[in-house]
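Numbers restart at 1 for each chain; the letters A, B, ... are given by sequence-line order, proteins then strands.
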Amino acid sequence: MAYTVKNWEPQIELTRLLAALAEEIVAATPEDLHLASVLANRSVAAAAKEVRELIATASGDQDEPDLGLPLAEAARRREHCARQH
Amino acid sequence: MERFSESSLRGIVTVDNTAVDIARAIHSLSNSDLVRLKALALLWTRGLASWLGWADVLHEAIARALDGSRRWPPGVSIVAFLSGIMRSICDDQWRRARRELEVLVRADDLGEPGMLGEEAEFSPDPERMLAAAQALSAVNQMFALDPSALKVIAGLTDGLTAQEIQQRYGMSEREYDTVRKRMRRALLRAGLEWRTP
């Protein structure tokens, strides 16, 4: 039987492809990053800064009174607080 | 063939990880890992149309990791762990959109909830199909100037192994690895460029 577009399942194909590409990103070496940085004409440090800020916001949302608290300390305090209740 | 670089193994522990371990690992992420995370967030949000941006998904993943609701399995790098959470968030978005569509279908169905039969439940969701097709097209477009990368993409899309892709397209292992390196750099480049969250 001929393969027709009726059998096409793009969502399954997309899931497979994204999973494979995510593995590639995780496996990237520092050399890959350096060359990508040259191609993008933007330093790794500059790009990392916006992600670091986003993480700071995300962790701040978790612990409202201590926006500047380091993440590890914030988590330790949350665990301590949870044990007491 | 390499699977994990030395840097991707950073942050791996071999005992159960607590929320404190997760927070410490996130706080200690190197600049390289942070760029990897952004590239992963951009990747996972492809196909979500305009529901969520990369920053929304990464923000939510960090929040879920820190609240202790997700277990960080031993032997998994913190970057891979957060990538898994982002994938899960995007899958949830797909499911939510599908449920909303089903509710709309039921509402149009003269108020008879039982009318949505099994066949309809498992029939392809046209909206998701379209979004997925557009996302596949966007990934292909990313590698449009690299015919060898497009071959690898086609193979990965079909669920082929590295060896099967090499056989299908007559690539040597070295050629295949070179193509994968170019693909990685293209994916990382996306994470390095300015993007509005």
Indicate the atoms forming the closest heavy-atom contact of [X] with [Y], along with that distance.
{"X": "B/G191", "Y": "A/A47", "result": "O-CB, 4.1 Å"}
{"X": "B/L136", "Y": "A/E13", "result": "CD1-OE1, 3.8 Å"}
{"X": "A/A58", "Y": "B/A63", "result": "CB-N, 4.5 Å"}
{"X": "A/A22", "Y": "B/S83", "result": "CB-OG, 4.2 Å"}
{"X": "A/E24", "Y": "B/L187", "result": "CB-CD1, 4.4 Å"}

With side chains defined as the heavy atoms from C-beta onward, is the minimum distance between [X] and [Y] less than 4.5 Å?
{"X": "A/V26", "Y": "B/L40", "value": "yes"}
{"X": "B/K38", "Y": "A/L54", "value": "no"}
{"X": "A/I55", "Y": "B/L34", "value": "yes"}
{"X": "B/M183", "Y": "A/L21", "value": "yes"}
{"X": "B/R185", "Y": "A/E31", "value": "yes"}

What's the spacing between [X] [atom1] and [Y] [atom2] if we round to 0.5 Å?
{"X": "B/K181", "Y": "A/D32", "atom1": "NZ", "atom2": "CG", "answer": "7.0 Å"}
{"X": "B/D67", "Y": "A/S59", "atom1": "CG", "atom2": "OG", "answer": "12.5 Å"}
{"X": "A/N41", "Y": "B/R189", "atom1": "CG", "atom2": "CZ", "answer": "9.0 Å"}
{"X": "A/L33", "Y": "B/R36", "atom1": "CG", "atom2": "CZ", "answer": "5.0 Å"}
{"X": "B/L58", "Y": "A/E50", "atom1": "CG", "atom2": "CD", "answer": "10.0 Å"}
{"X": "B/E193", "Y": "A/L39", "atom1": "CD", "atom2": "CG", "answer": "9.0 Å"}

Task: Proximity of residues 147-159 of chain B to chain A, residues having a non-hydrogen atom under 4.5 angstrom - done: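 When heavy atoms of chain A are the reference, residues 147-159 of chain B contributes B/I153, B/L156, B/T157, B/D158, B/G159 within the under-4.5 Å range.
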Open item on the list: Strictly distance-based, threshold 3.5 Å: is any side-chain N or O of A/R42 a donor or acceptor partner for the main-chain N or O of B/L192?
Closed with: yes
Open item on the list: If you apply the rule side chain to side chain contact (heavy atoms under 4.5 Å, CB included), what do you find for B/R184 with A/I25, and how did you get there?
Closed with: CA-CA 6 Å; B/R184 279 181 199 172; A/I25 294 172; over 6 Å; no
Open item on the list: For B/S137, give me all partners under side-chain contact (heavy atoms from CB on, under 4.5 Å), at least two apart in sequence or on another chain.
Closed with: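 If we apply the side-chain contact (heavy atoms from CB on, under 4.5 Å) test to B/S137, skipping adjacent residues, there are no hits.
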Task: Which atoms of A/A45 approach chain B - backbone, side chain, both or neither, heavy atom under 4.5 Å - done: both
TODO: Pick one of side chain, backbone, both or neither for A/A19, based on which atoms fall under 4.5 Å of a heavy atom in chain B.
DONE: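 Its backbone and side chain both get close to chain B.
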Using the rule that two of Ile, Leu, Val, Met, Phe, Trp, Tyr join whenever any of their side-chain heavy atoms come within less than 4.5 Å, decide whether [X] and [Y] are in one cluster.
{"X": "B/L43", "Y": "A/I12", "result": "no"}
{"X": "B/L160", "Y": "A/W8", "result": "yes"}
{"X": "A/L35", "Y": "A/V44", "result": "no"}

Task: B/N31 and A/K49: CA distance, side-chain angles, deciding distance, side chain to side chain contact (heavy atoms under 4.5 Å, CB included) verdict - done: CA-CA 8 Å; B/N31 285 347; A/K49 187 170 176 280; over 6 Å; no
